[in-house]
Amino acid sequence: MATHGVYQRIYAVIRRVPAGRVVTYGQVAELASLTGHARQVGYALSALPDQNDVPWHRVVNAKGQVSTRSEAGYGAVQRALLAAEGVNFDEDDRIDLTRHRWRPRRGGLSR
DNA sequence: TTTATGGCTGTCA
DNA sequence: ATGACAGCCATAA
């Protein structure tokens, strides 16, 4: 479908994120060949329909903290979903990115 | 077409 | 450590 949108590409990347793992907006952008356009990733998520197969909750900001959307409450939902997948949060509701950041296979750069 | 708006990020104080 | 500023650019009106 000729979805000439960047969003579709972003969704594709996020769908590849395994459970229990998280990625930052910037990382998703980079994986989607949009290095430096982390913002667009956030907008893509905001444009997500209620029904989707995209694990938007696995996308967090660079601080490892869940970005709140326009309304409050979603943060708690996102946190709950992640917690259900085994992602731990610290006292500040932050995720240990050094431990939960998703590492796409790429030539074995892992660690 | 132009203008305004962002679920961000990195740098500097 | 936190707070403020500027920059990148797609989508919507």
Side-chain angles (χ1 to χ4, degrees):
Chain A
M1 317 289 289
T3 63
H4 312 89
V6 178
Y7 286 16
Q8 199 62 41
R9 199 195 224 124
I10 292 170
Y11 300 150
V13 173
I14 299 176
R15 280 195 199 108
R16 289 162 60 189
V17 181
R21 240 41 191 222
V22 297
V23 286
T24 64
Y25 290 93
Q27 204 178 338
V28 173
E30 191 174 328
L31 292 172
S33 301
L34 295 168
T35 308
H37 308 163
R39 259 176 148 167
Q40 261 40 293
V41 176
Y43 304 143
L45 293 181
S46 68
L48 266 177
D50 295 326
Q51 300 165 13
N52 62 74
D53 50 344
V54 181
W56 60 274
H57 56 268
R58 290 182 193 146
V59 185
V60 299
N61 63 26
K63 300 173 199 135
Q65 203 164 24
V66 292
S67 294
T68 60
R69 176 162 154 173
S70 304
E71 292 179 55
Y74 278 81
V77 174
Q78 181 168 5
R79 201 188 65 153
L81 288 168
L82 290 173
E85 295 183 349
V87 178
N88 297 325
F89 287 77
D90 64 13
E91 299 172 17
D92 296 313
D93 292 311
R94 299 205 301 190
I95 300 168
D96 185 351
L97 291 179
T98 64
R99 181 178 145 176
H100 291 290
R101 193 189 296 253
W102 175 46
R103 289 241 179 194
R105 313 169 191 187
R106 281 284 222 148
L109 190 73
S110 356
R111 266 231 171 307

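Proteins come first, then strands; the chains are lettered A, B, ... in the order of their sequence lines, and each starts at number 1.
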Quiz item: What is the pairing partner of dC8(C), taking Watson-Crick or G-U wobble pairs with both distances under 3.5 Å in any strand?
Solution: none
Quiz item: Out of dC8(B), dC9(C), dT11(C), which has the shortest distance to the side chain of Val6(A)?
Solution: dT11(C)
Quiz item: Between atom NZ in Lys63(A) and atom P in dG7(B), what is the gap in whole Å?
Solution: 14 Å
Quiz prompt | Rounded distance [0.5 Å steps], OH in Tyr25(A) versus CG in Leu45(A) | solution = 5.5 Å
Practice problem: Give Gln65(A) one of three labels, base, sugar-phosphate or nothing, depending on what nucleic acid heavy atoms sit under 4.0 Å from its own. | Solution: nothing
Self-check item: Gap between atoms CG and P, on Leu34(A) and dC8(C) respectively (whole Å)
Solution: 16 Å
Exercise. Could you state the atom-to-atom distance from CG of Leu48(A) to P of dG6(B) in whole Å?
Key: 17 Å
Quiz item: Taking N and O atoms by type only, does the side chain of Tyr43(A) place a donor or acceptor under 3.5 Å from a partner on the base of dG6(B)?
Solution: yes
Quiz prompt | CZ on Arg58(A) to CZ on Arg15(A), rounded to 0.5 Å | solution = 12.0 Å
Quiz item: Atom CD of Gln27(A) and atom P of dG10(B): how far apart are they, to the nearest Å?
Solution: 11 Å
Quiz item: To the side chain of Leu45(A), which of dT11(C), dC8(C), dG7(B) is closest?
Solution: dG7(B)
Quiz item: Can you tell me the Watson-Crick or wobble partner of dG7(B), both distances under 3.5 angstrom?
Solution: none
Exercise. Any chance you could lay out the salt bridge (Lys or Arg N to Asp or Glu O under 4.0 Å) test for Arg21(A) and Glu85(A), step after step, and finish with the verdict?
Key: CA-CA 8 Å; Arg21(A) 240 41 191 222; Glu85(A) 295 183 349; over 6 Å; no
Quiz item: To the nearest angstrom, how far is Leu31(A) atom CG from dC8(B) atom P?
Solution: 18 Å
Self-check item: Shared hydrophobic cluster, Leu82(A) / Val54(A) (ILVMFWY, side-chain heavy atoms < 4.5 Å)
Solution: no
Quiz item: Starting at OH of Tyr25(A) and ending at C1' of dA10(C), how long is that distance when rounded to a whole Å?
Solution: 16 Å
Practice problem: Answer yes if Val59(A) and Val66(A) sit in the same cluster of Ile, Leu, Val, Met, Phe, Trp and Tyr residues linked by side chain heavy atoms under 4.5 Å apart, and no otherwise. | Solution: no
Quiz item: Tell me: CD1 of Ile95(A) to P of dG7(B), nearest whole Å?
Solution: 19 Å
Quiz item: From dT9(B), dG7(B), dC9(C), pick the nucleotide closest to the side chain of His37(A)?
Solution: dC9(C)
Quiz item: Starting at CG of Asn61(A) and ending at P of dT2(C), how long is that distance when rounded to a whole Å?
Solution: 13 Å
Quiz item: For the side chain of Arg39(A), counting heavy atoms from C-beta on, which of dC8(B), dT9(B), dT11(C) is nearest?
Solution: dC8(B)
Quiz item: Under 4.0 Å between a side-chain N/O of Ser46(A) and OP1 or OP2 of dG6(B), yes or no?
Solution: no
